[in-house]
There are 2 protein chains.
Amino acid sequence: MASKDRKQRLKDDTRRNILDAALRIGKDEGWQALSMRKIADIIEYTPPVIYEYFANKEALMLQLTKLGYCMLAKDMREARDKHTSPEKQLEDMWLTYWNFAFTQKELYQLMFGIEVNCCVWDNSIPEAEVPANMIWEVIGNLMGDAATEDLICKRYYTFWSVVHGLISINLVRQGVPDGMNEQVLKDAIGGIIHAIKG
Amino acid sequence: MASKDRKQRLKDDTRRNILDAALRIGKDEGWQALSMRKIADIIEYTPPVIYEYFANKEALMLQLTKLGYCMLAKDMREARDKHTSPEKQLEDMWLTYWNFAFTQKELYQLMFGIEVNCCVWDNSIPEAEVPANMIWEVIGNLMGDAATEDLICKRYYTFWSVVHGLISINLVRQGVPDGMNEQVLKDAIGGIIHAIKG
DNA sequence: TTAATTTATCTAACAGTGTTAGGCAAATAT
DNA sequence: ATATTTGCCTAACACTGTTAGATAAATTAA
């Protein structure tokens, strides 16, 4: 029954090819230009085949969204593990978040509905909680004994808002003065860390 | 030649009706569901008529975007004029910005490309600069002699990032704990104002 | 008043979209 | 050798934005 395995492997390949093709179109032409027929062209199948791997276009994009969260989590984990002090960890993790948003611009757009109407948010993306939880933990460590659920939460959203906000602004508009991004970002992160340490 | 005027008035009415219909669809069913045919149905014309008023769907949505900026500017102007001290003005203006984002959620989405691929950003929206300039001015007033172009810019983007970021997060996800928004928002605004005053 | 012209509006179509139903042929299982 | 499953395709449906071209009404010119 080794042929079963071989077949499964082929199916896995095709599934991967579909996702790869979709991502490539998203990167090359923007999500707006993504269509099932274009994907089918690239993988050299007819469109209905895609529906054997994904329920519909949205489910396909949801998978890419999850991929994005996994990649982001990996990057942030590595950033965290480069340091021992929670302070440095936080700094580097948010800087990594920032960099991810631009090196993986299209995935970031998908993950946060920037210029694309992203997937439904019934809690069907557990992957999204991984980066969040990592940040939470480090904030808790930085706070030490003063850490309460509520306070961590507040700091987390403050961090996230300012970083995600600045990213969003940059992604939909062009014209933030050069050097301004770095100033605002580092200032804000430093400021919040300072506030946490009291 | 009064009939010319009457006709012009009718044309203006139709144009307004088109925009109204589009906005209503956006509010009722989401921008994703907006179509030229649906607009045509509502205004009781056939689709091609719309193209006598707007070059295409995007131009129509751009007009709604501009409308959004005008409404936001009006709200913020009123907020500013309720106070005399720059501090109170800033506070109220950003709170007004926040409220606008939720009372006019669909327009805000359009203006900032949240869950909708918004209009091109070649500087074809001078209306967008009005709220920005108002904030700039008040920040400058608050800074007094210490005000420099660069410093104002930095504070402006810091404000905007955190407010817009928190709004974005709320609009694409549900599940920010209750009361958290107000805490983060007021904390951040207060913190930045504090930083500005040195 | 009649003829010419402009204006308002429509129908029909093109090329594209997501998605589904049904068929055919090859591979597999009985 | 027959039955069944699998893989993949063609064709279609109901949409989408947009345009070309016809038609009838309103306006202007003779």
Side-chain angles (χ1 to χ4, degrees), chain A residues 1-19 21-26 28-65 110 115-120, chain B residues 1-19 21-26 28-65 110 115-120:
Chain A
M1 285 297 168
S3 74
K4 220 142 209 179
D5 293 2
R6 196 200 68 233
K7 279 199 172 180
Q8 188 55 47
R9 243 178 300 131
L10 284 180
K11 280 204 119 187
D12 290 352
D13 277 2
T14 304
R15 194 188 141 92
R16 169 57 51 99
N17 286 341
I18 292 172
L19 289 171
L23 184 54
R24 188 152 100 224
I25 295 169
D28 291 351
E29 310 176 46
W31 294 119
Q32 184 189 20
L34 178 65
S35 87
M36 300 302 255
R37 283 174 172 86
K38 276 187 194 164
I39 296 173
D41 272 1
I42 294 180
I43 63 169
E44 298 182 293
Y45 278 109
T46 51
V49 170
I50 303 174
Y51 291 85
E52 278 163 36
Y53 296 86
F54 301 95
N56 48 40
K57 191 184 178 185
E58 189 170 335
L60 200 164
M61 293 173 89
L62 180 67
Q63 214 53 40
L64 289 177
T65 303
L110 223 50
E115 298 271 38
V116 65
N117 70 322
C118 78
C119 313
V120 268
Chain B
M1 287 297 168
S3 74
K4 262 260 158 79
D5 292 4
R6 196 199 68 232
K7 278 200 173 179
Q8 188 54 47
R9 243 179 301 132
L10 285 181
K11 280 204 120 187
D12 289 353
D13 278 2
T14 303
R15 194 187 140 91
R16 168 59 49 98
N17 286 341
I18 292 172
L19 290 171
L23 184 53
R24 187 152 101 223
I25 296 169
D28 291 350
E29 311 175 47
W31 293 118
Q32 183 189 21
L34 178 64
S35 86
M36 300 303 256
R37 283 173 172 86
K38 277 188 194 164
I39 297 172
D41 271 2
I42 294 180
I43 64 169
E44 297 183 293
Y45 278 109
T46 51
V49 170
I50 303 173
Y51 291 86
E52 276 162 35
Y53 296 86
F54 301 95
N56 49 40
K57 192 185 178 185
E58 189 170 335
L60 200 165
M61 294 173 87
L62 180 67
Q63 214 54 38
L64 288 177
T65 303
L110 223 51
E115 300 271 35
V116 64
N117 71 321
C118 80
C119 313
V120 270

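Proteins come first, then strands; the chains are lettered A, B, ... in the order of their sequence lines, and each starts at number 1. Atoms considered below: every heavy atom in the structure, side chains included; atoms not considered: hydrogens, waters and symmetry mates.
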Query raised in the report: When the distance from CZ of R9(B) to C1' of dA8(C) is rounded to whole Å, what number comes out?
Result: 18 Å
**Report entry** Distance, nearest 0.5 Å, that separates CD1 of I39(A) from OH of Y53(A)
**Finding:** 13.5 Å
Report summary line: When P47(B) and K11(B) are each assigned the nearest nucleotide of DNA chain C, the 5'-most assignment goes to K11(B)
Report task. Take atom CZ of F54(A) and atom C1' of dG18(C), then tell me their distance rounded to the nearest Å. Result -> 16 Å
Query raised in the report: What does L34(A) touch in the nucleic acid at a heavy-atom separation under 4.0 angstrom: a base, only the sugar-phosphate, or nothing?
Result: sugar-phosphate
Query raised in the report: OP1 or OP2 of dT28(C) less than 4.0 angstrom from a side-chain nitrogen or oxygen of K7(A), does that happen here?
Result: yes
Query raised in the report: Is T46(A) near enough to dC8(D) that one of its side-chain N or O atoms lies under 4.0 angstrom from OP1 or OP2?
Result: no
Query raised in the report: Roughly, in whole Å, what's the span from CD in E52(A) to P in dT6(D)?
Result: 11 Å
Query raised in the report: Just how far, in rounded Å, is P of dA8(C) from CG of D13(B)?
Result: 14 Å
Query - Separation of I43(A) CD1 from I18(A) CD1 (nearest 0.5 Å) - result: 4.5 Å
Requested in this report: Write down the distance between CD (E58(B)) and P (dG17(D)), rounded to a whole number of angstrom.
Outcome: 13 Å
**Report entry** Residue mapping more 5' on DNA chain C - nearest nucleotide basis, P48(A) or A33(A)
**Finding:** A33(A)
Report summary line: Rounded to the nearest 0.5 Å, the CE atom of M61(B) sits from the CD atom of E58(B) at a distance of 8.5 Å
Report task. Find the distance K57(A):NZ to dG18(C):P and express it as a whole number of Å. Result -> 4 Å
Report summary line: Winner on side-chain proximity to Y45(A), out of dG18(C), dA8(C), dC8(D), is dC8(D)
Report summary line: Closest to the 5' end of DNA chain D, once S35(B) and Y53(A) are matched to their nearest nucleotides, is Y53(A)
**Report entry** Atom-to-atom span, CH2 of W31(B) to P of dT16(D) - whole angstrom
**Finding:** 16 Å
Report task. Whole angstrom is fine here: how far is it from CD in Q8(A) over to P in dT6(D)? Result -> 12 Å
Query raised in the report: Picking from dT17(C), dT9(C), dT18(D), which would you name as closest to the side chain of M36(B)?
Result: dT18(D)
**Report entry** Pair of N/O donor and acceptor under 3.5 Å linking dG17(D) base with R37(B) side chain
**Finding:** yes
Query raised in the report: Which part of the nucleic acid, if any, lies within reach of Y51(A) when heavy atoms closer than 4.0 Å are counted: base, sugar-phosphate only, or nothing?
Result: base
Report task. Please identify each residue that fulfils salt bridge (Lys or Arg N to Asp or Glu O under 4.0 Å) with K38(B), with sequence neighbours left out. Result -> E29(B)
Requested in this report: Please assess W31(A) against N117(B) for the test side-chain contact (heavy atoms from CB on, under 4.5 Å), listing each intermediate value before the final yes or no.
Outcome: CA-CA 9 Å; W31(A) 294 119; N117(B) 71 321; over 6 Å; no
Report summary line: Regarding the side chain of N56(A), the nearest nucleotide among dT16(D), dT19(C), dC8(D) is dT19(C)
